[in-house]
Amino acid sequence: MNILSIDPSINFCGYAIFNNKKLKQYALLKPKETDKTLIDKCKTLYTCVRQLIHEYKINELVIEIPEHWRVAGFVARESGSVYKLTFVCGVFTACAFEQNIKLTTYYPREWKGQMKKHIVANRLQSTYKDITEINHNIADAIGIGHHRLFGTV
């Protein structure tokens with residue numbers, strides 16, 4: 001069983017690949033420098049995810065999806081960040097459907113609760129010794145996949 005877990009973002013998208021419950025690879029997906037529009041960026045991310053699915057024979061895509069934030073999320077909602085994040089999640093969903101692989105989604109509260117990103121990374125370091133000082137988006141992608149496999153972070 002090969003799982004690709006993604007912490008979606010339009011500019012710095014963390015991903016992790018698990019093979020038989022072992023972490024095999026992790027990195028950031030970033031749009032090309034020449035990608036200027038949301039559509040251009042999504043097309044690049046879609047192509048990258050599709051390539052990972054083929055290269056690693058992925059059986060399941062696991063992504064975090066946005067949820068409505070109350071008062072604290074006002075700025076994010078008004079800036080269009082939630083719209084962009086939702087759009088990129090839809091692109092990844094379409095990729096899973098096109099590739100005919102299983103799709104699992106989590107709201108942040110479902111896999112990490114109220115834990116801050118640095119706490120997620122610290123917890124994961126006890127299991128994955130080589131992930132010290134990695135980008136927080138990658139740490140979240142590892143956490144999402146870990147939660148899918150083991151039910152906790």
Side-chain angles (χ1 to χ4, degrees), residues 1-19 23-121 123-124 128 131 133-149 153:
M1 168 88 106
N2 294 326
I3 292 176
L4 171 59
S5 56
I6 297 177
D7 180 33
S9 169
I10 196 64
N11 293 311
F12 302 101
C13 186
Y15 79 88
I17 295 173
F18 293 84
N19 173 265
L23 180 62
K24 292 297 179 183
Q25 181 177 327
Y26 51 87
L28 277 180
L29 296 175
K30 296 185 256 184
K32 296 181 283 193
E33 292 288 324
T34 56
D35 290 340
K36 299 300 178 198
T37 68
L38 174 63
I39 301 299
D40 292 339
K41 291 177 179 186
C42 283
K43 185 175 180 182
T44 296
L45 293 174
Y46 173 89
T47 301
C48 292
V49 168
R50 192 168 188 260
Q51 182 179 342
L52 289 169
I53 288 170
H54 285 287
E55 184 177 342
Y56 292 93
K57 297 176 179 35
I58 299 298
N59 308 99
E60 181 176 358
L61 177 62
V62 184
I63 61 174
E64 181 183 86
I65 57 173
E67 65 183 318
H68 175 73
W69 301 310
R70 290 187 170 43
V71 175
F74 177 79
V75 173
R77 283 192 310 273
E78 295 304 306
S79 72
S81 296
V82 175
Y83 159 77
K84 292 173 189 172
L85 185 56
T86 301
F87 195 91
V88 78
C89 287
V91 168
F92 294 149
T93 298
C95 190
F97 291 167
E98 181 214 17
Q99 300 303 306
N100 199 29
I101 62 172
K102 181 178 179 179
L103 175 68
T104 300
T105 62
Y106 290 116
Y107 291 118
R109 66 179 152 80
E110 292 177 312
W111 74 270
K112 68 177 179 178
Q114 297 295 316
M115 274 191 285
K116 303 263 188 239
K117 288 184 178 284
H118 72 278
I119 296 171
V120 170
R123 283 200 180 180
L124 292 170
Y128 307 104
I131 66 164
E133 300 198 25
I134 61 172
N135 179 282
H136 64 85
N137 296 304
I138 297 170
D140 273 8
I142 294 168
I144 291 162
H146 184 88
H147 183 275
R148 165 62 185 88
L149 292 167
V153 175

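These numbers come from a predicted model, not from an experiment.
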Check your understanding: Going by atom types alone, do N11 and K30 pair a side-chain donor with an acceptor below 3.5 Å?
Key -> no

**Study point:** Chi angles and distances behind the side-chain hydrogen bond (donor to acceptor under 3.5 Å, both in side chains) call for S9, N137
**Key:** CA-CA 8 Å; S9 169; N137 296 304; 5.5 Å; no

Check your understanding: Where is the tightest heavy-atom contact between A96 and L61, given as atom of each residue plus distance?
Key -> CB-CD2, 3.8 Å

Practice item. Report yes or no: does T105 contribute a side-chain atom to a donor-acceptor pair with the main-chain N or O of I65 at less than 3.5 Å? Key: no

Study note, to complete from the structure: side chain to side chain contact (heavy atoms under 4.5 Å, CB included) test vs L4 passes for just one of I101, N59, V49, V62, namely V49

Review point. Are any of the side-chain heavy atoms of L52 and L29 separated by less than 4.5 Å?
Key: yes

**Study point:** Trace of the side chain to side chain contact (heavy atoms under 4.5 Å, CB included) decision for I53 with C95
**Key:** CA-CA 9 Å; I53 288 170; C95 190; 3.8 Å; yes

**Study point:** Heavy-atom check, side chain of I3 versus side chain of M1, under 4.5 Å
**Key:** yes

Check your understanding: For the residue pair T86 and P66, what are the closest heavy atoms and their distance?
Key -> OG1-CG, 3.4 Å

Review point. Less than 4.5 Å apart, any side-chain heavy atom of I63 and any of S5?
Key: no

Review point. Is there side-chain contact between I17 and Y15, with at least one heavy-atom pair below 4.5 Å?
Key: yes

Exercise for review: To the nearest 0.5 angstrom, please state how far the CD1 atom of I138 sits from the CG atom of D7.
Suggested key: 10.0 Å

Exercise for review: Measure across P8 and L85 and return the closest heavy-atom pair with its distance rounded to 0.1 Å.
Suggested key: O-CD1, 3.3 Å

Review point. For F92 and L103, what are the C-alpha separation, side-chain angles and deciding distance, and is it a side chain to side chain contact (heavy atoms under 4.5 Å, CB included)?
Key: CA-CA 9 Å; F92 294 149; L103 175 68; over 6 Å; no

Point to revise | Modelled atom types, side-chain donor and acceptor of Q99 and H54, under 3.5 Å | key: yes

Review point. For atom OH of Y46, is the number of surrounding heavy atoms from other residues, nucleotides or ligands below 6.0 Å larger than 12?
Key: yes

Exercise for review: Would you give the length of the straight line joining atom NZ of K43 to atom SG of C48, rounded to the nearest 0.5 angstrom?
Suggested key: 12.5 Å

Practice item. Calculate, to the nearest 0.5 Å, the distance between atoms OH and CD1 belonging to Y128 and I134 respectively. Key: 11.0 Å

Point to revise | Q51 and Y56 side chains, donor-acceptor separation under 3.5 Å | key: no

Review point. Between N2 (side chain) and K57 (backbone), is there a donor-acceptor pair under 3.5 Å?
Key: yes

Exercise for review: Kindly state each residue pair satisfying salt bridge (Lys or Arg N to Asp or Glu O under 4.0 Å) with at least one member in residues 136-145, sequence neighbours excluded.
Suggested key: K112-D140, K117-D140

Exercise for review: Assess whether atom CD of Q114 is packed by more than 12 heavy atoms of other residues, nucleotides or ligands within 6.0 Å.
Suggested key: no

Exercise for review: Please examine the side chains of H136 and H118, heavy atoms only from C-beta on, and report whether any two atoms are closer than 4.5 Å.
Suggested key: no

Review point. Between M115 and R123, is any pair of side-chain heavy atoms under 4.5 Å apart?
Key: yes

**Study point:** 4.5 Å side-chain heavy-atom contact, Y107 and E64
**Key:** no

Check your understanding: Heavy-atom distance under 4.5 Å between the side chains of V120 and I142, does that happen here?
Key -> no

**Study point:** Nearest non-hydrogen partners of C13 and L45, listed with the distance
**Key:** CB-CD2, 4.4 Å

Exercise for review: Output the distance between atom SG (C42) and atom CD1 (I10), rounded to the nearest 0.5 Å.
Suggested key: 3.5 Å

Exercise for review: Return yes when atom CZ of R148 has more than 12 non-hydrogen atoms of other residues, nucleotides or ligands closer than 6.0 Å, and no otherwise.
Suggested key: yes

**Study point:** From CD (E55) to CZ (R50), nearest 0.5 Å
**Key:** 13.5 Å

Practice item. With side chain to side chain contact (heavy atoms under 4.5 Å, CB included) as the test, would you mind laying out the steps for K102 and T104 before giving the verdict? Key: CA-CA 7 Å; K102 181 178 179 179; T104 300; 3.7 Å; yes

Review point. Given the side-chain rings of H146 and F18, with only the six-membered ring counted for Trp, is the space between their centroids under 6.0 Å?
Key: no

